[in-house]
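Here's the structure we're looking at; comments come further down.
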Number of protein chains: 2
Amino acid sequence: MTPQPRILVVEDEPAIAELIAINLRHGGLLPVCTGDGARAQRELDAVLPDLILLDWMLPDVSGLELARRWRAHPRSKSVPILMLTARGDEPDKVAGLDAGADDYITKPFSTQELLARIRAVLRRRAPEQTCDVVAGGGLLLDGATVRVSWRGDALRLGPTEFRLLHYLMKHPERVHSRAQLLDKIWGDHVYIEERTVDVHIKRLREALGDAAVLVQTVRGAGYRFAAPTEVRIG
Amino acid sequence: MTPQPRILVVEDEPAIAELIAINLRHGGLLPVCTGDGARAQRELDAVLPDLILLDWMLPDVSGLELARRWRAHPRSKSVPILMLTARGDEPDKVAGLDAGADDYITKPFSTQELLARIRAVLRRRAPEQTCDVVAGGGLLLDGATVRVSWRGDALRLGPTEFRLLHYLMKHPERVHSRAQLLDKIWGDHVYIEERTVDVHIKRLREALGDAAVLVQTVRGAGYRFAAPTEVRIG
DNA sequence: ACGCAATGTGACAGTGTTGTGACAGTACGG
DNA sequence: CCGTACTGTCACAACACTGTCACATTGCGT
């Protein structure tokens, strides 16, 4: 599990989503909010969260449908799902758990109850974390053990550096703006100077040593993880 | 989203409203100021803005009430609201977010913070851009990775050269006047010498090397991206 | 061939962007 | 309570990029 468990919040009502986000953050979790199934899917494709907080009612598809779909997909199969439903209808509860939800919670709920249930699910899942390894250009990053190695030698990274590298390596070649990185790594709804990203990139490069060339600056656009362009000899 | 996002500023103190307006304008946004709820409502009925900057205290109604009302109305439901309040009282914050605000900023605030928060909200609302690759005449340009290659070899372009080539390649064959290029690539709100386009075209050609023949001059009209015209025989 | 207008080109100072070191605040474990 | 590790911000330096100019070159009509 990453230092700060990532929680993907799928909730269409912005006010509630924000409320949840605040509480999660306060509880030491890292919320990422999405308002519909499509966005949630994209987010899920990007970085696998430690837990999904899934609202029953969504604008595009039902939470039930999403849960079933994610449970069927091998990549997201093992991510625990906590269902969020308006009233404690017994049929819903059964259907939700049937679709693969690990637990469910009914609105309105207290902050403590939400956190407690999330922690319970995380704890239950913790021991059997599946592998989440990314490799590229001689670097090897393991999300499960929180370790990075360069040609076999272990590297020492701080938490933020690790998450930064993790995200960059999951989307190699692609250029990410500072704003995007803030959203994805620090979580949305937090206000941080964009230049802070630069500083962490520097610290990351320091820690990477020789592998620093893999983290490239694209002037006027952002940063990217990639093997340096080959020199063609012809 | 319009090229220049419209921001409806609802703030009763003229001095503060003006200050905000100046900062927004400077940040590339288009502010429209109103001093009370009634005017704001009229403005909202007239043209839907991209974001609403809403003061907590207003002469006629509370910002909270406005937010709730706008959130309930289908027309204005999806316009993000950024609440503005004098002190960072947590109860107020929760109430504001509960009423439908997307984010919250407390006075006094820095210019940068205001702009950053506005951009963050706008960004969150904007759909995630899909990959855009353009190819033509042996050139390949990828907007996501910000890379250009000529018959497989990577090319090094500056930011403006990249945008210029991107635009030209997106509309091949077509001739673009210098004025059009300035509008599309530099933005329509800045005044720049038309000859500057020529200079960037030259730099672009330099960077393109052999592929420079694809960027053609049409005397008296402008520039165009196209495969060179064949020599007509017969 | 000539003159005019349009375009190419090299140079340059100003600006903006990024790298970097330092610093204070915070969290955490001993 | 103190030390350690980490974070976010800032100020400054280094550097790339930008816009403009002056001048060279080209194209075109007469």
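The structure presented is a predicted model; accordingly, all values stated were derived computationally and were not measured. Numbered from 1 within each chain, the chains take letters A, B, ... in sequence-line order.
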Between B:Asp210 and B:Arg151 (salt bridge meaning N to carboxylate O under 4.0 Å), is one present in this structure? no

Straight-line distance of A:Arg147 CZ to A:Leu157 CG, nearest 0.5 Å: 11.5 Å

Rounded to whole Å, how long is the line connecting atom CG of B:Leu204 with atom C1' of C:dT7? 16 Å

Between CZ on residue A:Arg39 and CG on residue A:Leu44, distance to nearest 0.5 Å: 15.0 Å

Here the distance between atom C1' of D:dT20 and atom OH of B:Tyr191, to the nearest Å, is 11 Å

Could you tell me whether the side chain of A:Arg117 reaches within less than 4.5 Å of the side chain of A:Leu82, counting heavy atoms only? yes

Of the listed nucleotides (D:dG19, D:dC17, D:dG8), which one gets closest to any side-chain atom of B:Arg156? D:dC17

Residues B:Lys202 and B:Glu206 bridged, charged N to O under 4.0 Å: yes

Let me confirm one number: the CD1-CD1 distance from A:Ile118 to A:Ile52, rounded to the nearest 0.5 Å. 12.0 Å

Main-chain N/O of B:Ile185 paired to B:Arg163 side chain as donor or acceptor, under 3.5 Å: yes

Spacing of B:Ile185 atom CD1 relative to D:dC17 atom C1', expressed in whole Å: 16 Å

Check: protein-nucleotides 18-21 of chain C nitrogen or oxygen pairs below 3.5 Å:
| residue | atom | partner | partner atom | Å |
| --- | --- | --- | --- | --- |
| C:dT18 | OP1 | A:Gly220 | N | 2.8 |
| C:dT18 | OP2 | A:Arg178 | NH2 | 3.2 |
| C:dT18 | O5' | A:Arg178 | NH2 | 3.2 |
| C:dG19 | OP1 | A:Arg205 | NH1 | 2.8 |
| C:dG19 | OP1 | A:Thr217 | OG1 | 2.6 |
| C:dG19 | OP2 | A:Tyr223 | OH | 2.7 |
| C:dG19 | N7 | A:Arg195 | NH2 | 2.8 |
| C:dG19 | O6 | A:Arg195 | NH2 | 3.0 |
| C:dG21 | OP2 | A:Lys202 | NZ | 3.3 |

At what distance, to the nearest 0.5 angstrom, does CG of A:Leu204 lie from OG1 of A:Thr160? 10.5 Å

Name the one of A:Asp12, A:Ile16, A:Ile20 that satisfies side chain to side chain contact (heavy atoms under 4.5 Å, CB included) with A:Asp55? A:Asp12

For a quick test of reading the model: is some side-chain N or O of A:Trp186 closer than 4.0 Å to OP1 or OP2 of D:dG8? yes

Atom NE2 of A:His200 to atom P of D:dA5: distance rounded to whole Å? 17 Å

Near DNA chain D, under 4.0 Å by heavy atom, which residues of residues 161-174 of chain B? none

Nearest-angstrom distance from the residue atom CD of A:Gln216 to P of C:dT17: 21 Å

Using whole Å, report how far CD of A:Glu194 lies from P of D:dT7. 19 Å

Here the distance between atom P of D:dT7 and atom CG of A:Leu182, to the nearest Å, is 14 Å

